[in-house]
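Provided herewith is a single structure, encoded as structure tokens, for subsequent inquiry.
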Amino acid sequence: MAHSQQTAPFDYVIFGATGDLTMRKLLPALYNQLRIGHVPEEARIIGTARSSLSRDEYIIRAREALETFLPEQHKNAELIERFLKKVHYVTLDGTKSDHNWDDLKAVLDQSPADRIRVFYYSTAPQLFEAISENLHRFGFITPQSRVVLEKPIGTDSASAKAINDGVSRFFDEKQIFRIDHYLGKETVQDIIALRFANPIFNAIWSAEHIQSIQITAAETVGVEGRAAYYDTSGALRDMIQNHLLQVLSLCAMEAPADLEADTVRDAKVNVLKALRPIPEDKVASETVRAQYIKGEMKGKPVPGYLEELGEDSHTETYAAMRAYIDTPRWKGVPFYIRTAKRSTKKVSEVIVTFRKSASSLFGSSAASNRLVIRLQPDEGFGLALNIKNPSAAGFDLQHGSMSGKFAPADGSLIPDSYERLMLDAVRGYPALFIRRDEVEAAWAWVEPTLKTWAANKVPMAHYAAGSYGPEEARHFIATTGDSWHEDMAD
Ligand SMILES: NC(=O)C1=CN([C@@H]2O[C@H](COP(=O)(O)OP(=O)(O)OC[C@H]3O[C@@H](n4cnc5c(N)ncnc54)[C@H](OP(=O)(O)O)[C@@H]3O)[C@@H](O)[C@H]2O)C=CC1
Ligand SMILES: O=C1O[C@H](COP(=O)(O)O)[C@@H](O)[C@H](O)[C@H]1O
């Protein structure tokens, strides 16, 4: 995925510029890229939303957002002012053809006609087609334009197809950049580095040596201010269909011939298409869904999901699935995928458990080697090994480990995923964005589970807020002879 850090001048047009995502992630990401010299002097950021605001009023909000969401060590008053000079605002309802499109045109016309334009849709996906149609109607889509689509791309296969079809009426697939912010995480890209730059792993990365792979994304937060969205989504749609299946495909893909965008995406989509379907009559044994009930976190009582929501709901805040990939490399290897809100701790990690040694030298005392890829926080890796217990008597084994950090060599902070992704869209570099066929293959795999859960054919388990998850998830993983990482001996 090597490519130049040089970025040509651009106009970034953000639809949804007053929203949470823009304030918390997008503006800080662009600021930080300016700070490290990747944003050229001519670049501009043009926020749009329906809220009637002057440019000055919007800049006040943008300044507040930077003050609130930038890490202290990145704040620099002079740079913030330099960044804000690039920021413009147009009051615009992107779905209405009779709104202030002339105002947007007046701002964009200040740049040369061949200036790179990135339209970032940080709004509800139901608006994507209408906004695209208006951009087309008023002649804003140039050959140098791209569009970035925020998640969720649909709630099932049919709605994902409708969104993709809607945007594709006006943009070529090459111009469409579907965000999955997990792909922008440096540590997720480390999966590629660990696997393919290290022959010691590459050589043993198959069913012959690997017993199972666990992929976890656990969060301590609940649904915060996003209950209206989350309750129509749930853990499976919110995290597994997109982020965790992307992580799985990076863990399982065949070696790509090169790191070009479509070579890597071809390799990933082949994994998604090889996922063994989970038919409706297997959903109860191959998945677990659960909701948190009241519990305790950091010594304080925490309400349950239904209490937070204030009404009844069948939406899961925890999901676990067992996946098999029907390729020779992964024959019979279970991949366990799980995600949770209100878990004991925030952790995203991949655990690769290797098969036990075939040697009879140490009997059953040799434990499985285990590779832990810690995506966040404490980004790094660990390798659990068997070593000799130093004692004069006998030859006993004990657990040893090797570990390392994924930190940048210069001691700086790991960049936020949006930094990389927002500028890759400017560069027209789509490797870390999801191609249409990937989105649709992922929906196709999760859909029978979604339907079976929606029909309430699988009981909803419960777990206390502040715990690792429901007891049912322990039984579920034990049926294939494994246990979750937090329950493992080492
Ligand atoms: N917030 C987050 O952490 C994450 C968000 N996302 C996704 O990003 C998108 C935005 O999320 P978020 O910022 O949280 O949402 P918000 O509800 O906070 O913001 C929505 C934005 O869209 C604008 N908007 C709504 N309707 C229109 C319209 N017709 N024309 C132009 N602008 C419009 C709103 O402004 P106004 O009302 O003034 O028009 C507002 O700026 C969603 O798709 C969400 O799923 C994805 C991952 C994480
Ligand atoms: O996309 C989403 O991701 C976040 C978790 O992201 P992370 O980078 O903190 O792991 C999750 O909280 C949110 O519900 C989901 O929509």
Side-chain angles (χ1 to χ4, degrees), residues 13-29 46-53 57-58 61-62 65 69 89-97 99-101 104 119-135 148-155 163 178-188 215-247 315-319 339-343 345-349 374-377 379 414 416-418 421 434:
V13 183
I14 301 176
F15 288 86
T18 54
D20 173 73
L21 186 71
T22 302
M23 295 297 168
R24 224 160 31 83
K25 292 288 186 182
L26 308 188
L27 294 179
I46 302 145
T48 80
R50 293 167 306 176
S51 301
S52 177
L53 297 171
E57 286 167 330
Y58 185 72
R61 290 194 189 189
F69 297 114
Y89 182 79
V90 175
T91 300
L92 179 62
D93 185 333
T95 63
K96 290 195 175 142
S97 58
H99 213 230
N100 299 332
W101 294 96
L104 180 60
F119 300 106
Y120 196 117
Y121 294 175
S122 182
T123 62
Q126 302 87 279
L127 312 187
F128 291 178
E129 182 172 4
I131 298 174
S132 306
E133 185 160 19
N134 282 322
L135 289 173
V148 179
L149 308 185
E150 255 305 335
K151 64 169 283 201
I153 308 289
T155 52
I163 292 168
R178 296 177 192 82
I179 285 261
D180 184 307
H181 79 278
Y182 263 59
L183 290 182
K185 289 184 191 285
E186 290 292 323
T187 52
V188 170
I215 301 168
T216 296
E219 303 180 85
T220 50
V221 292
V223 293
E224 314 301 300
R226 296 171 73 215
Y229 151 74
Y230 193 86
D231 199 54
T232 60
S233 168
L236 178 47
R237 287 190 175 92
D238 189 47
M239 292 294 290
I240 291 185
Q241 182 275 338
N242 39 58
H243 309 317
L244 298 194
L245 286 185
Q246 283 296 316
V247 173
T315 301
E316 78 286 352
T317 59
Y318 176 104
T339 185
K341 295 278 188 200
R342 287 277 189 240
S343 182
K345 59 180 180 182
K346 179 168 176 74
V347 60
S348 297
E349 64 185 10
R374 182 66 85 93
L375 305 175
Q376 64 184 21
E379 294 84 354
I414 296 180
D416 186 77
S417 51
Y418 279 92
L421 295 174
I434 313 177

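Since the model is a prediction, treat every value here as computed from it, not as a measurement. Numbering of ligands and ligand atoms starts at 1, following listing order. Worth knowing before you read on, the calculation uses all heavy atoms, side chains too, and leaves out hydrogens, waters and symmetry mates.
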- Minimum non-hydrogen distance to atom 13 (C) of ligand 2, winning option of R237, R226, K151: R226

- For I131 and T123, what are the C-alpha separation, side-chain angles and deciding distance, and is it a side chain to side chain contact (heavy atoms under 4.5 Å, CB included)? CA-CA 10 Å; I131 298 174; T123 62; 4.0 Å; yes

- Item | Protein non-hydrogen atom below 4.0 angstrom of atom 41 (O) of ligand 1 present | yes

- Item | Which segment of K96 sits under 4.0 Å of ligand 1 when only heavy atoms are counted | neither

- Note on the structure: Taking only non-hydrogen atoms of D93 and a 4.0 Å limit, the atoms of ligand 1 in range are 28 (C), 29 (N), 30 (N)

- Should A49 be counted as touching ligand 1, given the test is an N or O pair under 3.5 Å? no

- For side chain to side chain contact (heavy atoms under 4.5 Å, CB included), just list the numbers for D416 and H181, CA-CA rounded to whole Å, side-chain angles, deciding distance to a tenth of an Å, and then say yes or no. CA-CA 9 Å; D416 186 77; H181 79 278; over 6 Å; no

- Run the numbers for me: atoms of ligand 1, each under 4.0 Å from some heavy atom of T18, listed by number. 34 (C), 35 (O), 36 (P), 38 (O), 40 (C), 41 (O)

- Item | Evaluation steps, side chain to side chain contact (heavy atoms under 4.5 Å, CB included), between V347 and R374 | CA-CA 8 Å; V347 60; R374 182 66 85 93; 3.6 Å; yes

- Message: So, regarding T123 and ligand 1 (criterion: nitrogen or oxygen to nitrogen or oxygen, under 3.5 Å), is there a contact or not?
- Response: yes

- Task: Number the atoms of ligand 1 from 1 as they appear, then name those within less than 4.0 Å of a heavy atom of P152, with their elements.
- Result: 45 (O)

- Message: Using 0.5 Å steps for rounding, measure from the CD atom of E379 to the CD atom of E186.
- Response: 10.0 Å

- T22 to ligand 1: N or O pair under 3.5 Å? no

- Message: When you compare the side chain of Y229 with that of V223, does any pair of heavy atoms fall below 4.5 Å?
- Response: no

- Is any N or O atom of L127, backbone or side chain, closer than 3.5 Å to an N or O atom of ligand 1? no

- Indicate, as side chain, backbone, both or neither, the part of Y230 found under 4.0 angstrom from ligand 2 when only non-hydrogen atoms are considered. neither

- Message: Looking at non-hydrogen atoms alone, which of D180, L21, D238, T317 comes nearest to atom 15 (C) of ligand 2?
- Response: D238

- Protein heavy atom at shortest distance from atom 4 (C) of ligand 1: L21 CD1, 3.7 Å

- Under 3.5 Å: N/O of S51 near N/O of ligand 1: yes

- Query: Does K346 NZ have over 12 foreign heavy atoms under 6.0 Å away?
  - Reply: yes

- Item | Enumerated ligand 1 atoms positioned under 4.0 Å from heavy atoms of R24 | 1 (N), 2 (C), 3 (O)

- Query: Between the side chains of T216 and E349, is a donor N or O closer than 3.5 angstrom to an acceptor N or O?
  - Reply: no

- Task: Please examine the side chains of S132 and Y121, heavy atoms only from C-beta on, and report whether any two atoms are closer than 4.5 Å.
- Result: yes

- Interfacing atoms of ligand 2 (cut-off 4.0 Å, heavy-atom, K341): 11 (C), 12 (O), 13 (C), 14 (O)

- Distance from atom 21 (C) of ligand 1 to nearest protein heavy atom, with residue and atom: G16 CA, 3.5 Å

- Message: Using side chain to side chain contact (heavy atoms under 4.5 Å, CB included), reason through Q246 and V188 one step at a time and then give a plain yes or no.
- Response: CA-CA 9 Å; Q246 283 296 316; V188 170; over 6 Å; no

- Heavy-atom nearest neighbour of atom 5 (C) of ligand 2 within options K25, H243, E219, K185: E219

- Message: Less than 4.5 Å apart, side chain to side chain, heavy atoms only: is that true for K341 and D238?
- Response: yes

- Item | Main-chain N/O of G184 paired to S417 side chain as donor or acceptor, under 3.5 Å | no

- Just wondering, do L27 and F69 contact through their side chains at under 4.5 Å, heavy atoms? no

- Query: Are E150 and Y120 close enough that some pair of their side-chain heavy atoms sits under 4.5 Å apart?
  - Reply: yes

- Message: Quick test: of every protein heavy atom, which one is nearest to atom 3 (O) of ligand 2, and how far off is it to 0.1 Å?
- Response: H181 CE1, 3.3 Å

- Message: Can you classify the ring geometry of Y182 versus H243 as parallel (below 30°), tilted (30 to 60°) or perpendicular (above 60°)?
- Response: parallel

- Determine whether the side chain, the backbone, both or neither of E150 has a heavy atom under 4.0 Å from any heavy atom of ligand 1. side chain

- Going by distance only, is there an N or O of K151 that falls short of 3.5 Å from an N or O of ligand 1? yes

- Message: Quick check for you: to the nearest 0.5 Å, what is the distance between E316 atom CD and Y230 atom OH?
- Response: 6.5 Å

- Message: Show the atoms of ligand 1 that are less than 4.0 angstrom away from any heavy atom in A17.
- Response: 41 (O)

- Query: Any heavy atom of H181 sitting closer than 4.0 Å to ligand 1?
  - Reply: no

- Residue, atom and distance of the protein heavy atom nearest atom 30 (N) of ligand 1 read G94 N, 3.0 Å

- Task: Please report which non-hydrogen protein atom sits nearest to atom 9 (O) of ligand 2, along with the residue it belongs to and the distance in Å to one decimal place.
- Result: K346 NZ, 2.8 Å

- List every atom of ligand 1 that sits less than 4.0 Å from any heavy atom of T95, numbering the atoms from 1 in the order shown and giving each element. 29 (N)

- Task: Test Y89 against every option in T18, I46, I14 by the side-chain contact (heavy atoms from CB on, under 4.5 Å) rule and name the one that passes.
- Result: T18

- Message: Distance check, rounded to the nearest 0.5 Å: R50 atom CZ versus H99 atom NE2?
- Response: 9.5 Å

- min-distance protein heavy atom vs atom 25 (C) of ligand 1 -> R50 NH2, 3.5 Å

- Measure the shortest side-chain to side-chain distance between V90 and W101 over non-hydrogen atoms and say whether it is less than 4.5 angstrom. no

- Query: Contact between I179 and ligand 1, counting heavy atoms under 4.0 Å?
  - Reply: no

- Enumerated ligand 1 atoms positioned under 4.0 Å from heavy atoms of S122: 9 (C), 10 (C), 21 (C), 22 (O)

- Task: Indicate yes or no: does an N/O atom of G19 lie under 3.5 Å from an N/O atom of ligand 1?
- Result: yes

- What part of I131, side chain from CB on, backbone N/CA/C/O, both or neither, has a heavy atom under 4.0 Å from ligand 1? neither

- Message: Give me the residue, atom name and distance of the protein heavy atom closest to atom 14 (O) of ligand 1.
- Response: D20 CB, 3.6 Å

- Is there a donor in the side chain of N100 and an acceptor in the side chain of T91, or the other way round, less than 3.5 Å apart? no

- Message: Show the atoms of ligand 1 that are less than 4.0 angstrom away from any heavy atom in L92.
- Response: 30 (N), 31 (C)

